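Shown next, in structure tokens, is the structure this report addresses.
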Amino acid sequence: MPIVVRLDVMLARRKVRSRELAAHVGITEANLSLLKSGHVKGIRFATLAAICKHLDCQPGDLLEFVDTDEV
């Protein structure tokens, strides 16, 4: 998939546990785990905004486009 989720990196940088983020954002730990692993088809902007606010980051810090066509 050309979009790579870097949420785990930002959690480590901010020293925030997944459980804490899930509780603050209002999603289940299971859904947060799916998001971290990139096994989701979409994310609500409200959820993304809440994650960014809690981690004090930008959406680009969490999501990265990797062009798989370039070899």
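What you see is a predicted model; the values in this text were computed from it and never measured.
For the pair Leu11/Lys36, a side-chain contact is recorded, criterion being any heavy-atom separation below 4.5 Å from C-beta on. With a 4.5 Å cut-off on side-chain heavy atoms, His54 and Glu20 count as touching. Looking only at side-chain heavy atoms (C-beta outward), Leu62 and Val5 stay at 4.5 Å or farther from each other. Contact check for Ile3 versus Val66: no side-chain heavy atoms found under the 4.5 Å cut-off.
The distance from the OG atom of Ser18 to the CG atom of Leu7 is 7.0 Å, given to the nearest 0.5 Å. Between atom CG of residue Leu35 and atom OG1 of residue Thr47 there is a gap of 9.0 Å, rounded to the nearest 0.5 Å. Rounding to the nearest 0.5 Å gives a distance of 10.0 Å between CG of Leu48 and CD of Gln58. Atoms NE2 and NZ, on His39 and Lys41 in that order, are 10.5 Å from each other to the nearest 0.5 Å.
Note on Val9 and Phe65: separate hydrophobic clusters, where clusters join Ile, Leu, Val, Met, Phe, Trp and Tyr whose side-chain heavy atoms are under 4.5 Å apart, directly or indirectly.
Contact record, Cys52 with Pro59: SG-N, 3.5 Å, taken as the closest heavy-atom pair. Across all their heavy atoms, Arg14 and Leu55 have their closest contact at NE-O, 2.6 Å.
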Worked verdict on Leu32 versus Thr28 for side chain to side chain contact (heavy atoms under 4.5 Å, CB included): CA-CA 6 Å; Leu32 186 62; Thr28 65; over 6 Å; no
Verdict with reasoning, Asn31 to Val40, per side chain to side chain contact (heavy atoms under 4.5 Å, CB included): CA-CA 9 Å; Asn31 282 340; Val40 294; over 6 Å; no
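Side chain of Ser33 to backbone of Glu29: no donor-acceptor contact under 3.5 angstrom is found. In this structure, Arg6 contributes its side chain and Leu63 its backbone to no donor-acceptor pair below 3.5 Å.
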